[in-house]
Amino acid sequence: MIPNIIRHNHFVVNYMRMWPYVKPFWFVALLSLLIGIPIGALDATIALFLKPYTDLVIVSSNAQAPWYLPFLIVGFTIVQGLLIFASAYLSAYAGGRLNKNVQYRMYEKLLSLDPEYYDKQNSGVILMRFASDSATACNGLLYNLKNLVTRVCSTFALLGVLIYTSWQLSLIAIVILGITVAPLTMVRRLLKKIVKKQVEIGQKVNTNYNETYAGNRTILAYNLQDTQLRGFKEHLDNIFALSIKMIRRTAWISPFMHFAVSVGVSLTIAYGSWLIVQGDITAGDFVAFLAALLMMYTPIKALGGTITNIQSGFLAIERLHEILEMEPKITEKENAAELRSLESNISFNNVCFGYAQDKPVLKNISFTLNKNESLALVGNSGGGKSTIVALLPRFYDVQSGSVTIDGTDIREYKINSLRSAISVVFQDNFLFNGTLRENIMRGKPDATEEELMQAVKSAYLEDFVAGLENGLDTEIGERGALLSGGQKQRVAIARAFLRNAPILILDEATSALDNKSEAIVQQAIENLMRNKTVIIIAHRLSTIKNADKIAFIQEGELAEFGTHEELMRLPHGMYRQLYELQFRKNSAKESAPV
């Protein structure tokens, strides 16, 4: 019967997928399932004891009937109750451990994925597939498997009572049983498409919540409440429609089982009455048989819901498996070298790259940056400047050409050592929920207090920290929500100071700040740039004209390369035109009446 309820291949495949996570506590998990056998089997004892009690006491009026039968029934019930408690406790423990192990592995996988994966997914997908699916697959799976074992064992035990008391009546029960469980073979097929769509829409709902949280000011500023609400209502309507569709597809199974069992009971009563009259069975046989049949109705009735839940768990396991089988594209060679420091230069050699195969972003980019030099990347938005700096720490790999450090392709280095040699200060730096101290210490978790305070001082955070009641132990909120833009940048700079990597990337680190904040942050950046090899992206050319080298990137190509003076001497140079245009704008602002 079990192979008909759960297809053997799906059961085994999904079990093997979860085995590595169950293995550390397999005995507890197995015990929680095995206890279901006596729990189910004990259901048969009550029905079995009704036969002698009915024949001896009710029918024969025998006062010498076994007085201990009621006590036996109570005793068996107490034992069954204790076993139910033990099974519930063990399955909850095993399910919790399983969920913890899987969630840990899923988060580990999430951290290992490349930026390309995040580029293609939204936050709703991440939450649904990495968090919700884990709970669905783990917490309910063992519980429902335990229920399945208990109910199947109860059904077989009671079926044994039926056969023992009357094989003739058992034939009716077996036929009815087969008809009753037949629809359960279709559960997986009925559920799969609907569950997939529910997951997709659930991901969109999660995205709605995340966007509302992260973009609440934009929503208020542009009066987007109605627009957001309409989109959210559409998703809820779709979820409701799918839930109704699932009810239509699966809810008929339970009433069908009710009907089939009621037919079986009716036929049993009719045929059993005739057998009693014929003397083929006793009244005790009939009472025991009828009690067993009615008791068997309860686990069979619940079997439909249990199988549905198990199949939902298996579908969640399949979705988890899809993610766990994913391999990051940025991989490390087996005998990769350790990058300890930058000795001579960084070189881009005929680098070509595109986020999509047929849409190149960088075309044959070549330049060399010597140790302790600074390179400014300039050009129009979308030209490929940020892509260039993303290739250096191997957020992405080049499609052709190479990026080398000290003459060695960066793909030959261990990834962690490569990224440890690089500090990045972005335009919008991500700060973690926690304190100022915790965020700065992310740059070097084992830094001393002296190193920490030096980083704070170099980032011009001393006065700000001194004015806080809790100093460096002040909570800054999620994503640094309690800090101003300039304060966030200086915290990020302090973090980079503490890391003290030989290579520094400044990705438009001051473009989002007002003039006063920019002046302070620029001073902090100048401190940070000392004795480092620096790549700068900035739109304000006044901040980069002192760079040792300037590269003008135009539509993915290196259009001009040289010092500020060299590029300014080009009569029709792009850099010169851009610089003069900004200079005229700044002059006009300064001379404008206030």
Do [X] and [Y] have side chains that get closer than 4.5 Å, going by heavy atoms?
X	Y	result
L391	L362	yes
L436	L483	yes
Q487	R490	yes
Y107	L110	yes
D548	N370	no
Y93	R97	yes
I536	L377	no
F497	N527	yes

- Apply the test side-chain hydrogen bond (donor to acceptor under 3.5 Å, both in side chains) to residues S112 and E108: give CA-CA distance (whole Å), side-chain angles for both, the deciding distance (0.1 Å), then the verdict. CA-CA 6 Å; S112 74; E108 184 182 42; over 6 Å; no
For the pair [X] (side chain) and [Y] (backbone), establish whether a donor and an acceptor sit closer than 3.5 Å, ignoring hydrogens and angles.
X	Y	value
K329	D397	no
S458	A455	no
D406	S344	yes
S417	L339	yes
N500	A496	no
K109	E325	no
D409	R411	yes

Which atom names give the shortest non-hydrogen contact between [X] and [Y], and what distance separates them?
X	Y	answer
T563	I550	C-CD1, 4.4 Å
G477	N433	C-OD1, 3.4 Å
I553	I365	CD1-CD1, 4.4 Å
I493	A459	CG2-CB, 4.1 Å
N345	S347	OD1-OG, 3.5 Å
E116	K120	OE2-NZ, 3.1 Å

Quick test of your reading of the model: are [X] and [Y] salt-bridged, counting only N-O distances below 4.0 Å?
X	Y	value
K457	E462	no
R319	E322	no
R569	E565	no

Spacing of [atom1] belonging to [X] relative to [atom2] belonging to [Y], to within rounding of 0.5 Å:
X	Y	atom1	atom2	value
N349	F367	CG	CZ	9.5 Å
R419	R499	CZ	CZ	10.5 Å
N531	K371	CG	NZ	9.0 Å
I405	S341	CD1	OG	10.5 Å
I476	L431	CD1	CG	4.5 Å
T368	K549	OG1	NZ	6.5 Å

- Could you walk me through whether L567 and Y579 pass side-chain contact (heavy atoms from CB on, under 4.5 Å), step by step? CA-CA 10 Å; L567 297 184; Y579 184 83; over 6 Å; no
- From the options H564, E560, E580, select the one residue that forms a side-chain hydrogen bond (donor to acceptor under 3.5 Å, both in side chains) with Y575. H564
- So Q489 and I525, side-chain contact (heavy atoms from CB on, under 4.5 Å) or not? Walk me through it. CA-CA 10 Å; Q489 291 300 85; I525 286 175; over 6 Å; no
Using a 6.0 Å cut-off, check whether atom [atom1] of [X] has over 12 heavy atoms from anything other than its own residue.
X	atom1	value
Y118	OH	yes
D463	CG	no
E338	CD	yes
E566	CD	yes
F27	CZ	no

- Task: Output every pair passing salt bridge (Lys or Arg N to Asp or Glu O under 4.0 Å) with a member in residues 525-536, not counting sequence neighbours, ordered by first then second residue.
- Result: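 Listed by first then second residue: nothing to list.
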- Would T387 and Y355 satisfy side-chain hydrogen bond (donor to acceptor under 3.5 Å, both in side chains), going step by step from the backbone distance to the final call? CA-CA 9 Å; T387 301; Y355 297 100; 2.8 Å; yes
- Query: Are N416 and K414 close enough, and set up right, to give a side-chain contact (heavy atoms from CB on, under 4.5 Å), and what steps lead you there?
  - Reply: CA-CA 6 Å; N416 282 348; K414 291 181 179 178; 5.6 Å; no
- Would you please test T474 and L482 for side-chain contact (heavy atoms from CB on, under 4.5 Å) and show each step? CA-CA 10 Å; T474 300; L482 303 180; over 6 Å; no
